[in-house]
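Residue numbers begin at 1 in each chain, while the letters A, B, ... track the order of the sequences.
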Amino acid sequence: MMNAAVTEQIRERFPQALAEGKGDLFGETAGEDFVALAPEPWLDVARWLRDDPALKLDSLQCITGVDLGPEQPLEVRYNLHSMLHHHHAEIRIVVPREDPVVPSVAEVWKIADWFEREVYDLFGVTFTGHPNLKRILLPEDWEGYPLRKDYTEPETYHGIVVPKVKTGWE
Amino acid sequence: MKRWLVNIWESVSTLLIGMGITWRHLRRIRKGNVTLQYPEETWPRPERLIGFDHQHYNVIRSRLHVDIDDCIGCLKCERACPVSCIKIETVKAPKEVDLGLTSHDTKKRLLVKRFDIDMSECMYCNLCTYPCPEECIYMTGGPNSHKHPIDYEFSEYDRNNLIYRFAALSDEEVEQRLRVPAPPVTNEASHD
Amino acid sequence: MTVDQIIRWFQSLSGSGEQAWMFLAAVVITGLPLFLVLATNAIVAVYVERKVSAFMQDRIGPMGQGAGFHAGKWGLLQTVADALKLLLKEDVIPSAADRKLFVLAPYIIFLAPFLAIAAIPFNQVLQVSDLNIGVFYVLAMGSFGVIGLILAGWASDNKWSLYGAMRSAAQIVSYEIPAGLSIIAVVMLVGSLNLQQIIEFQTGTRWGFLPNWVVFHNPFSFLAFFIYFISSVAEVNRTPFDIPEAESELVAGFHTEYSGMRWALFFLSEYANMLIVTAVAVIVFLGGWTSPIPGLFATAGWGLFWFLFKIGILILVMMWFRWTFPRLRVDQLMHVCWKVFIPLAMLNIFGVGVWALGVG
Amino acid sequence: MGIVHGEEMVLNIGPQHPSTHGVLRLHVQTDGEVVSHIEPVIGYLHRCFEKHCEHLTYEQVIPYTDRCDYIASMNNNFGYVVAMEEFLGIQVPERVEYIRVIMAELNRIASHLIALGTYGLDVGAFTPFLYMFRDRERILDLFELTCGARLLYNYMWVGGLSHDLPVGFVDACYRFLDDFEPNLKEYHDLLMYNKIFIERTADVGVLPAEVAIQYGVTGPNLRGSGVQWDLRKNEPYSIYDRFDFDIPVGTGQMGSVGDCWDRYWVRAQEMAESVKIIRQALQDLPAEGNVHEALPRKVRAPKGSIYKRTESPRGDLGYYIISDGKGTPFRVKMRSPAFTALSVLSEIASGWMISDVIAILGSLDIVLGEIDR
């Protein structure tokens, strides 16, 4: 119910921010409760979400990257929480697979720095305005984005052949 | 100056309290000792009594063992394994061949040609033992110790030795086991 | 039984004047037992430390049981086995290290306690060299090892080693001051730097029942003992002052890159240093070889026993410290030294002087 | 402090270092002993938990959650199964709930014992570490008695438990609690109120509440900063609303609010609170009940997604599970509390000495298995 109220308020304040008909994964949104946003105004909305005295969503709990399928767009989901009012909200932003760009909210919530690096690392979503956007979990010279659904494991890594079948097993 | 003296006093007193604690432990070593001298003494195993239906469930996480004579080749354990360390190959037996019964009196219809478990990859989650309809895959020891005693110490020098081959039948053996028995000889009847 | 006496004995045997071979022979005859003392000390102390730490931590420490080649009854052979292992280990010198200094450093560190022990009186007669500036000599030689630490840290070409070396330099040099100052108080009382004379000053009884040791002499001398003992713990880099090798911060500090026999020398010298500083504490404050029950057990043999016994107790206390306390930070360490111990030690000198004049 | 600024030296603490609590690298710029900039480099323990989950059934994910935070596996199981049960709408039997709470709180004690013991190790005290491990062993014995494993349990299943409690568990648990409570005071005297320890930790690495919230820090680290936030109280899951317990909050007794000592103190007090919860749960534990009653034949989640948080010993442990209706999860994201706790390190540890960096890192109580997943 929180998300619906947030959606209404965003519709008033940021008319362009809401994404239309996006954010639902498999066509079924029953039981799911979220705010679907367009990527571009996200930074302004984020600042407002944090600072608005009625919302005060001052804690970013989690950023989840999702790959909706081999030919589908990517999605970034933000779980927000208010330490003051003890309510939470979920923001979803769908970005095209070819050019996944989302504004960084690292200046709004400091933890977004690392969460965004993780999403960049595993999904290849670029966060514009991020202070230090590089891989975090994988080596910096890794190729590809492993959590995408169409990712294939490399044959070799630094000249070492990745064994696909173990010895004595076949 | 007062703060300085209080600090010194606090340091000395709290340090002495700490030294008192270690001294007490030093004195009570005979009672408080927790060391287990491993190869000679081993950890006492938990009691075999477990509350819920312990005939069927297994609370020991040690080495996997398969009573291959009881296996009916249902592949449930292979599917349950999260790390795919179980590999089973089966051959369907012709109708005429009798492969015998398991200890649960189930008729075996598949010949298990290969049953490998790679214990170097096993994560000891125990998930393979629950679905087994014949209770033939289990961790050694615990409630199963009458079937197979506990075995923790199975380290090997070669990693390949940790692949336990519970069934490894060659093609000839398979053929031999699955040979359809000749129909009963009826020579005498024709003679008449 | 000093070196001089042996040389004189040689002279009387051969009937000639002092010659180079006599000097060398005398040094070897006295030096070998000293080396053995230090080596045995390390082996015994390591074993005791293991057992003490184990008992304090509800463990039983090294044990040998059952069939096979084990570490003997109660693990008595454990340190021997360790020494053998260290001797047989590969000697690794990092390729980036300054080879000469790297090799030299452990020997310098070991040399320091070895030189210092030459002036230590084990009992009334057993002493290699009875110097008239004994206290001064022992203190000077004891702190000479810090050069080795800095060399080891520098030559390893490792950042951790460098940190360890710089910390130990700062620490050991600083703690020399309160240690020296608290000994000066005693020297004032006795009026001599000679170790045997300091001990002889402490024979007899005090108030009829206490041994006439400096530590019981007056409240200020007790405080002096306290300051000296804590400072000496810091000088030998033991917890809570083990910041030069702080294993949770600096991996192993100045000896990070050392292995095998060279590392064993560091180990040996750590325990040798403990022996030296506790020996000084025993001589200066606890009456050296004098018996704790005045008048009884006062022969030379008992003197050796009492001396080693007191040293053993103090070393045990050091071990007790180590297995109880956390470690100080480097600036807190300096704080304790410069803002607590040095003012206290200064006050002490004054107090001892006043006491000596007033109470007598 | 007037510090002479010289040339800066880059120091790599880790990946192999005695006190990085796993395989962590701290890229540290130092000016003498003082650290001017610090950047944690993680990923050395990355085992593709989230990628694995996409190829496993919902039941098979549970042993993998064990391996994320291997010090508090029960709590990780708990978080996952609570999320899945809410997703599937499963109501589990009373007895299962109580057993889960007992196990989770026992594991919280075990985890805090490790956190406090290794913290002692970080500041140089060796003995408390072994005392605390001695008590932890007894908790692990209880776990072994229950589910056969000492570290990675796979005990809580979606809709139930893998085993019921063994005969005699309740008595053994009471015996442990009775022995454990007096020990707590001993540990505190030995380490927490030791002057050297106070000097090392009080006023060191102060984490103000606003910074902690900005960085998403949760759990004992946040409570050490004076914020009363505990999911067991604020958003009760399972049956935590039935128990009477307090949430200890850092008050800056020895220094300022949110210093290392406060974080240590909060963990120490939480152990006592957990003991309280376990006692109540043992008291009310229903005698009857089949722990396999509510197990679904096959876990198959409806289309949709869920984000559920539970209170692990390290903070808010969240699972974001997305399902496309098939037998395997479409995506499982683990929101690890240690990940956020580590990210705050560069903020609060800059300007302190190398020894303090180790102490601050230890006070955050990170587990690299959970950070790298």
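Side chain to side chain, D:Glu235 and D:Tyr240 fail the donor-acceptor criterion of an N or O pair below 3.5 Å. D:Ser343 and A:Arg117 are not linked by any side-chain donor-acceptor pair at a separation below 3.5 angstrom, with hydrogens and angles left out of the test. Of the N and O atoms on the side chains of A:Tyr78 and A:Trp42, at least one donor lies less than 3.5 Å from an acceptor on the other residue. Using modelled atom types, one finds a donor on one side chain and an acceptor on the other under 3.5 Å when comparing D:Asp66 with D:Asn77. With 3.5 Å as the limit, one finds a donor-acceptor pair spanning the side chains of A:Glu116 and A:Ser104. Side-chain atoms of D:Tyr80 and D:Thr310 include no donor-acceptor pair closer than 3.5 Å. Side-chain contact of A:His130 with A:Asp113: a donor-acceptor pair under 3.5 Å is present, judged by distance alone.
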Query raised in the report: Would D:Lys326 and D:Asp324 satisfy salt bridge (Lys or Arg N to Asp or Glu O under 4.0 Å), going step by step from the backbone distance to the final call?
Result: CA-CA 6 Å; D:Lys326 297 208 182 72; D:Asp324 57 353; 3.3 Å; yes
**Report entry** Working for salt bridge (Lys or Arg N to Asp or Glu O under 4.0 Å), residues D:Asp230 and D:Lys233
**Finding:** CA-CA 5 Å; D:Asp230 189 326; D:Lys233 265 272 198 273; over 6 Å; no
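Listed by sequence position, D:His46, D:Glu50, D:Lys51, D:Glu54 are the residues of residues 44-56 of chain D in contact with chain A, using a 4.5 angstrom heavy-atom cutoff. Interface with chain A: from residues 85-92 of chain D, no residue qualifies, criterion being any non-hydrogen pair under 4.5 Å.
Note on ring orientation: taking the six-membered ring where Trp is involved, the planes of D:Trp229 and A:His81 are tilted (angle from 30° to 60°).
Just one of D:Arg335, D:Lys308, D:Arg309 meets the salt bridge (Lys or Arg N to Asp or Glu O under 4.0 Å) condition when paired with D:Asp316; it is D:Arg309. Test D:Ile38, D:Leu11, D:Val35, D:Val10 against D:Gln29 for side-chain contact (heavy atoms from CB on, under 4.5 Å) and you get one pass: D:Val10.
Only the side chain of A:Asn79 comes within contact range of chain D, with at least one heavy atom under 4.5 Å from a heavy atom of that chain. For a residue to count as touching a neighbouring chain, one of its non-hydrogen atoms must lie under 4.5 Å from one of that chain's; by this rule A:Asn132 touches chain D with the side chain only. In this structure, the portion of A:Leu122 lying under 4.5 Å from any heavy atom of chain D is its side chain and not its backbone. Within the 4.5 angstrom heavy-atom criterion, no atom of A:Arg135 approaches chain D. Interface remark: D:Tyr215 contributes backbone and side-chain atoms alike to the contact with chain A (heavy atom separation under 4.5 Å). For a residue to count as touching a neighbouring chain, one of its non-hydrogen atoms must lie under 4.5 Å from one of that chain's; by this rule A:Leu147 touches chain D with backbone and side chain alike.
For the options D:Leu342, D:Ile371, D:Leu222, D:Val227, heavy-atom pairs under 4.5 Å to chain A are most numerous at D:Leu342. Most heavy-atom pairs under 4.5 Å with chain D, from the set A:Val108, A:Leu60, A:Asp121, A:Ile136: that is A:Ile136. For the set D:Asn234, D:Thr218, D:Ile213, the count of heavy-atom pairs under 4.5 angstrom toward chain A peaks at D:Ile213.
Within the 4.5 Å cutoff, side-chain heavy atoms of D:Pro220 are placed close to those of D:Glu270.
Ring-centre distance between D:Phe78 and D:Tyr237: below the 6.0 Å cut-off.
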